[in-house]
Amino acid sequence: MNPEVSESASFATALEEQFSLDSYQTIINTLNNWGIRLYAGVNGGGVIHLLKYLDPLDQGAIETPSFLTIGEYTAGFIPLGYYLGSGKIAASVATTGAATKLICCGLSDAKLHDIPAVYVVPVSNGSTAGFSPLQDTTAYGSNIVMQLRAELPESVFVLDNQITLTEQLSLAKAQLDRSKPVVLVLDNEGLSVSQTGPDIPTAVPDIPVIENHYSKAFLDAFRRETEGKRVVIFVGEEMARYPNATDLTTRLSKVLHGATIWSINGANAVSRDNPYGYGYISFGGNDRAISLYNSLGDSDVLLVVGACPDEYTVNFKKIPASATFHFSNISQAYGFVDNSLRHVVEGRYYQMHAPLDSSLQTLIDDVAEHPFTNIPMEPAPRNLNDLPFDNARGNHADMAALYQRLDQWWPQGSIGIDDTCLAYKDRQYVTQRPNNNIRFYSLYRGSAMGGAFGVAIGAKLADPDRQVFLFTGDGCFRLFSGSLAEVSSLGLVVFLLNNETFGIVEQGLKKVLPDVGTAYYHSRLDAVDYCAIARANDWDAIRLAPDLGNLEEILRKVNDRPSRSMLIEVPVDPNQVLGKNPRLKNL
């Protein structure tokens, strides 16, 4: 071989590596400047050149861009919990092909709950198209970019050119600022090619900001429409993102004498001490809240504060009030059509895009200065349900009693996550009102079983000193149990509801298919020693006694804040029906 040719080829290779290094370093540095320091996922061929710039995560305070190695399905949900726990953005990383699809369950929930998060995935090199590359993502294979854009039409950014890299990242940041998840697609071949054009990014188009020009007109209309009518306040999960949300909604309820209802996550914006709190609406909802909502008509005005009328909230029914007023500050939020909720409203509809805290404060001040003439509602009754709770059969824990005891115990400042199991239907029904010591979240719009484990990890990593609790089912457990070991020292507390069934399915089909034998529900699960699995992964584990006889001992141990994560197996009767599931009427 000609030495000069060899030296020239080596120089060219080194030059390509230098350009590649600069591109990936630019990506990490840019995301770091946005405050993104937590990455989670699995390393592999398509992302090795990016991840080599990340420190291994030590599960303490995250000071530098750091990577947690954990299964992709769980990793896809970690940015959601991190945001819910801190208001900060995190990233999930997967390599080419099937791994990309594993993190996309979390991506879907990020979209459905308007949570900003970053998903980093690679694609097959363009030059390999037609040559059957491993994990083929080209048009001949999974055509993954088109798949991603089908779900996120405006939030998939292909990083395939050093010259436009800054532009693409800027566009991604604009989407994150609008509470949208984004996908950064690494075209490693494109990023490694030396560019001959000037390194000047194309001008980034401005995302229009909706200014609040109509607050007075909105408030004047609200005053006019509420004259001689009842006012019902419906609080959704967007409101829970404001630090003073519970104070604002309480003062709003009092000044308007308006009955207040809330969605599953909207509860985090409502105080237990709100005298007009009528309860959770619809799925797992309380009788008083559901009855109040169903009674809305021509003599009522509904004030919607950061809510989305999804199936688990209004069950495909249009809002029947004479007028609906809607506060929101997320442009094109999930559930919106043409940037509004007009399509789900029967009466007159008024909308204002503005920060919710300042909007509510303006409304409160206006009512206080010039009292409204709406019909005052009675304060909510102490008991928001009409019927006693079902009992559990022998050798099973009474879940109503367990939820009530935990409701008295939750440590201040803690976070709870409900997985897609009976807990995300039953807990709120039993406890009836939000608990001021703990915020509970459920990613119910996607309802991905087992995804809550990743959400809990993200919430814990957002603040390692905060206690994080997860309610999950034995069916959900099967989807994440392979990742237990990676977080054994994180100090998570997991209540595993073991009823040897897919409980939501079994309870529902008894009403939907009452004449079909239970064997044909296909809902049974084999018995598993969950505590043994947990201990094998270096977790602490304990079984709750059916009579709750060892519950206080367990709670004392949790109060000691053990460094090891803990699994608490709860024997559950699948036939103890607690929370309502109005969705069954649609099946």
Restricting to non-hydrogen atoms, name the atom on [X] and the atom on [Y] that form the minimum distance, rounded to 0.1 Å.
{"X": "Phe502", "Y": "Met449", "value": "CE2-CE, 3.4 Å"}
{"X": "Ser322", "Y": "Asp300", "value": "OG-O, 2.7 Å"}
{"X": "Arg241", "Y": "Ser179", "value": "NH1-OG, 3.6 Å"}
{"X": "Lys318", "Y": "Tyr293", "value": "O-OH, 4.3 Å"}
{"X": "Ile261", "Y": "Ala289", "value": "CG2-CB, 3.7 Å"}
{"X": "Val118", "Y": "Ile36", "value": "CG2-CD1, 3.6 Å"}

For the residue pair [X] and [Y], does the interplanar ring angle fall in the parallel (under 30°), tilted (30 to 60°) or perpendicular (over 60°) class?
{"X": "Phe283", "Y": "Tyr424", "result": "perpendicular"}
{"X": "Tyr276", "Y": "His257", "result": "perpendicular"}
{"X": "Phe469", "Y": "Phe495", "result": "tilted"}

Enclosure of Glu378 CD (heavy-atom neighbours >12, cutoff 6.0 Å):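 Check fails, neighbour count at 12 or below.
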Are side-chain heavy atoms of [X] and [Y] found at a separation under 4.5 Å?
{"X": "Asn374", "Y": "Val301", "answer": "no"}
{"X": "Pro181", "Y": "Lys111", "answer": "yes"}
{"X": "Asn436", "Y": "Gln412", "answer": "no"}
{"X": "Ser295", "Y": "Leu292", "answer": "yes"}

Polar side-chain atom of [X] near backbone of [Y] as donor-acceptor pair, under 3.5 Å:
{"X": "Ser358", "Y": "Pro355", "value": "yes"}
{"X": "Asn265", "Y": "Ser442", "value": "yes"}
{"X": "Thr313", "Y": "Ser263", "value": "no"}
{"X": "Tyr530", "Y": "Glu569", "value": "no"}
{"X": "Asn286", "Y": "Tyr429", "value": "yes"}
{"X": "Arg342", "Y": "Val345", "value": "yes"}
{"X": "Asp114", "Y": "Ile330", "value": "no"}
{"X": "Arg272", "Y": "Pro434", "value": "yes"}
{"X": "Thr324", "Y": "Tyr349", "value": "no"}
{"X": "Ser565", "Y": "Val487", "value": "yes"}

Tell me whether [X] is salt-bridged to [Y], with the criterion being a basic N under 4.0 Å from an acidic carboxylate O.
{"X": "Glu225", "Y": "Lys229", "answer": "yes"}
{"X": "Arg251", "Y": "Asp247", "answer": "yes"}
{"X": "Asp386", "Y": "Arg288", "answer": "yes"}
{"X": "Arg445", "Y": "Glu237", "answer": "yes"}
{"X": "Asp287", "Y": "Lys580", "answer": "yes"}

Exercise: do Asp357 and Gln361 side chains pair donor with acceptor under 3.5 Å: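 No donor-acceptor contact under 3.5 Å links the two side chains.
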Derivation and outcome, ring-ring contact (aromatic ring centres under 6.0 Å, His included), residues Trp262 and Phe234: CA-CA 5 Å; Trp262 49 85; Phe234 173 31; 9.9 Å; no
Among Glu506, Gln507, Lys510, the one residue meeting side chain to side chain donor-acceptor pair (under 3.5 Å) with Ser523: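 For Ser523, the side chain to side chain donor-acceptor pair (under 3.5 Å) test succeeds with only one of Glu506, Gln507, Lys510, which is Glu506.
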Member of Asp426, Asp398, Asp390 meeting the side chain to side chain donor-acceptor pair (under 3.5 Å) criterion with Gln576: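 In the set Asp426, Asp398, Asp390, the residue that makes a side chain to side chain donor-acceptor pair (under 3.5 Å) with Gln576 is Asp398.
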Interatomic spacing from CG in Asp573 to CZ in Arg393 - rounded to 0.5 Å: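 CZ of Arg393 is found 4.0 Å from CG of Asp573.
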Axial cation check for Phe440 ring with Arg427, 6.0 Å and 45° limits: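 Yes, Arg427 lies over the aromatic ring of Phe440.
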